[in-house]
4 protein chains.
Amino acid sequence: MTIVTGAAAEDQERRAPGRPRSARAERAIVDAVLDLLAEGVPADALSIEAVAGRAAVGKATIYRRWPNKEALLVDALATLKGPLPELAGESVRDDLVALLRPVGRSSLSRASHILPCLITEIKRSPGLLHVYQKIMEPRREAMREVLRRGIDSGELREDLDLEVVMAMLVAPMLAQSMINWNPWLDRDVLPERLVDAIWPAIVPAASPR
Amino acid sequence: MTIVTGAAAEDQERRAPGRPRSARAERAIVDAVLDLLAEGVPADALSIEAVAGRAAVGKATIYRRWPNKEALLVDALATLKGPLPELAGESVRDDLVALLRPVGRSSLSRASHILPCLITEIKRSPGLLHVYQKIMEPRREAMREVLRRGIDSGELREDLDLEVVMAMLVAPMLAQSMINWNPWLDRDVLPERLVDAIWPAIVPAASPR
Amino acid sequence: MTIVTGAAAEDQERRAPGRPRSARAERAIVDAVLDLLAEGVPADALSIEAVAGRAAVGKATIYRRWPNKEALLVDALATLKGPLPELAGESVRDDLVALLRPVGRSSLSRASHILPCLITEIKRSPGLLHVYQKIMEPRREAMREVLRRGIDSGELREDLDLEVVMAMLVAPMLAQSMINWNPWLDRDVLPERLVDAIWPAIVPAASPR
Amino acid sequence: MTIVTGAAAEDQERRAPGRPRSARAERAIVDAVLDLLAEGVPADALSIEAVAGRAAVGKATIYRRWPNKEALLVDALATLKGPLPELAGESVRDDLVALLRPVGRSSLSRASHILPCLITEIKRSPGLLHVYQKIMEPRREAMREVLRRGIDSGELREDLDLEVVMAMLVAPMLAQSMINWNPWLDRDVLPERLVDAIWPAIVPAASPR
DNA sequence: TACTAAGCGAGACGGTACGTCGCGTCTTCTT
DNA sequence: AAGAAGACGCGACGTACCGTCTCGCTTAGTA
């Protein structure tokens, strides 16, 4: 790991001959995909021909970059990013609620329209799993941080199984955003309700289990 | 020829004229769909022509009954039923674990191969929501029953929010079976781990929050 | 071969058991066919389902009587008859023209709309040949009669080849009515033009026209 | 880069963008059609799928060129050409007979199998009329030439109505080849019989046949 | 009068072909 | 070489008829 590495790399993979690939085309393609998805096209009904048309690009230009529809989808969705909510940092409960809220019935951004589709498509296109994880990891880390802070401050019990707690909080919200109805609850899941319900299990116990 | 005839006829809604639809064909079609799904055809790649071929039926015979692929899928999946696991009834914890286990990585029956697809398809075909609920309701009721028994016996706290608890237990399992990997856990979610984690929140509290 | 045969036959083929075939249905079917043809349906585009619908008759009722579409067509067309033109009987030339005229661009009756199709269909359905002959024979006989009368009166030469003359007169007219354009003439063939052209060949040799 | 270029380009109607249509496919399709017809497929029973299969071509490749079956048929048949019979040129009678003979019961070439169908199809597909005329015109011109030469040599009368004579000679032959039976003659029309019958009408009036 | 056998309308049946659409690849000319 | 354009072989779509097969209901002649 030297400073030279960069330059060396530049030398080594010397510029391919011929016309370089157009960055413009690449962006146009990805944008076309996201636009179509945002317009409600059902992701598997998304036709390469439509993408090419919308992007004013030849089909070959797409296939030169991605081997098939799935790969294109993966890359297109990978460009999506929602901003992390800002945390007050005053109480564990409030921070958890703030982190959970945007997972539910979606907000207004283009991303929030598309992301739920993403999860649904993972089964069909396992490649999307990585995409999904990459997008989600910052949020998971934020939640982990909140919990760790709670433990440090003594607000939460020391032997907390972070991952399981996170799963139990997030999964119900997610299920709901996926199918627009929560199959286990009679009405919308409110983050508060989830946090309050699990609360006794995550605070230091007066009584041993 | 009595006065009642008219009313009777009205009641038993007078059989339609012409040759009645063949129950045999109907069964063959639905079976073909389920067979193909069980063989791993990705549900949206399921072609009507393949179904017709497999069922030894004309395409028109399918379209006469269902207006499109989705409607057929809904009806076909609606015929699926998995057996409920038998409960020992001795401890709440064991019963919960027994009910959760089959939700995870699927068992062997044809149904268990197909059901996870179902959830994934709900977004695409909202009609499947009813199907899903119909299949799931007996299981939810069973779990509710277990929890209620626990409350009655004093094993669980009286003010339990049944629905939220169920959601927190089932949703993580389901998410995992859907996408073959649990996005919030480093490894497979075991039902025991979930139940144990939430346990302090559902047993009578020695200490108030 | 006795006189009784007729009566015997009557006895022998005693009324079949069961409900006799409905003459009404039969007529309705044939009428439906002719109506559809008269409306311009291209004879081979004539669908049995359309006929059944128009005749308010079950498809089976058609197939019980005719083995296939062609047979039905043959029988339906066989019911067509156009009236013979009345002949003045004063001059051979005028009578020939009168007989030829209706062969050309069709008159107004339903028959005249359909007959040209008939000829076109003969190739496809050889059974129609007999139909065609049956319809045409009276007209041919009439023309033959006119020519014979001309011979008897000395107006025409004695050694006339009746059939060839008739062919040369009728075929051009017919070709034209078949394809709505005469492939060998720059404009419509007028019967007069044909008769006049052949005249020197059919009158006694020495006499000038 | 000259000023002329623009004009030149305009003249040679600037080639369309994209991959040009495959001449190979076009030929294969037309050949498939003609082959199937020559094998006796009844022209309206000719299925596009069969053509596509035989030509090893996608159906879309056919529909990209022709809007429907009829148009394809027209173009396919238009490629047919039979050779003109050679004329001795010694006597008008012999030349006429030579020209008429191939119109009757067909010879052996693929064309002769198909051409009679063509006439039958004209009613159905008026576009075929042009095809038919294009194929026939050379033969009509040949016959016209023979007659004109006869007039010049004094063998035929000067005021002959060429077109009508040709119609009277050809139409009976054609009718016969169309329906495999001549409706006005008891047996096959022989060209000789026709020519001889009309002879007195086409030679100068005074001279005996 | 009741029975029986066929005809009746309706319409479903397993098929075949239709004409359209999208796939992923290819072939052309232009940049 | 990459660009756009668009044709290629393929295969599924949903529709229309084919000729056959049930249905429940007449509609006769026979018993």
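Quantities reported herein were computed from a predicted structural model and do not represent experimental measurements. The analysis underlying the following values was restricted to heavy atoms, covering all of them including side chains, and did not include hydrogens, waters or symmetry mates. So that the names make sense, note that chain A is the first sequence line, chain B the second, and so on, each numbered from 1.
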Do D:Thr79 and D:Asp31 have side-chain heavy atoms sitting under 4.5 Å apart? no
Sorted by first residue and then second, give each salt bridge (Lys or Arg N to Asp or Glu O under 4.0 Å) pair with at least one member in residues 59-71 of chain D; sequence neighbours left out. D:Glu26-D:Arg65, D:Glu49-D:Lys59
Gap separating the CD atom of B:Glu39 from the CG atom of B:Leu34, nearest 0.5 angstrom: 11.0 Å
Where is the tightest heavy-atom contact between C:Ala25 and C:Ser22, given as atom of each residue plus distance? N-OG, 2.9 Å
When you measure from the side-chain N and O atoms of C:Thr61 to the phosphate of E:dG9, is any distance below 4.0 Å, counting only OP1 and OP2? yes
Figure out the CD1/C1' separation between C:Ile62 and E:dG9, and round it to whole Å. 12 Å
Between OH of A:Tyr63 and C1' of F:dC8 the distance, given in whole Å, is 14 Å
Taken to the nearest whole Å, CG/B:Leu72 to P/F:dC13 is 11 Å
note: C:Trp66, atom CH2; F:dC18, atom P; distance rounded to Å ~ 15 Å
CZ of C:Arg24 versus P of F:dT26: gap in Å, rounded? 15 Å
Base, sugar-phosphate alone, or nothing: which one does D:Lys69 contact when heavy atoms must sit under 4.0 Å apart? sugar-phosphate
In this structure, CZ of B:Arg24 is separated from CD1 of B:Ile29 (nearest 0.5 Å) by 8.5 Å
When you match D:Pro67 and D:Pro20 each to their closest nucleotide on DNA chain E, which lands nearer the 5' end? D:Pro67
Indicate, yes or no, whether a donor-acceptor pair under 3.5 Å links the base of E:dG19 to the side chain of D:Lys59. yes
Just how far, in rounded Å, is P of F:dG9 from CD of D:Glu26? 12 Å
Using a 4.0 Å cut-off on heavy atoms, which residues in residues 46-54 of chain C reach DNA chain E? List them by number, or say none. none
Here the distance between atom P of F:dA12 and atom CG of B:Asn68, to the nearest Å, is 18 Å
Between D:Gly58 and B:Arg64, which is nearer to the 5' end of DNA chain F once each is assigned its nearest nucleotide? D:Gly58
Atom pair CD1/OH of D:Ile48 and D:Tyr63 - distance to nearest 0.5 Å: 4.5 Å
Taking OP1 and OP2 of F:dG6, is either one under 4.0 Å from a side-chain nitrogen or oxygen of D:Arg21? no
Not counting sequence neighbours, which residues clear salt bridge (Lys or Arg N to Asp or Glu O under 4.0 Å) with B:Asp75? List them please. none
Does F:dG9 have OP1 or OP2 sitting under 4.0 Å from an N or O in the side chain of D:Arg19? no
Nearest-Å distance, CZ (D:Arg65) to C1' (F:dA7)? 8 Å
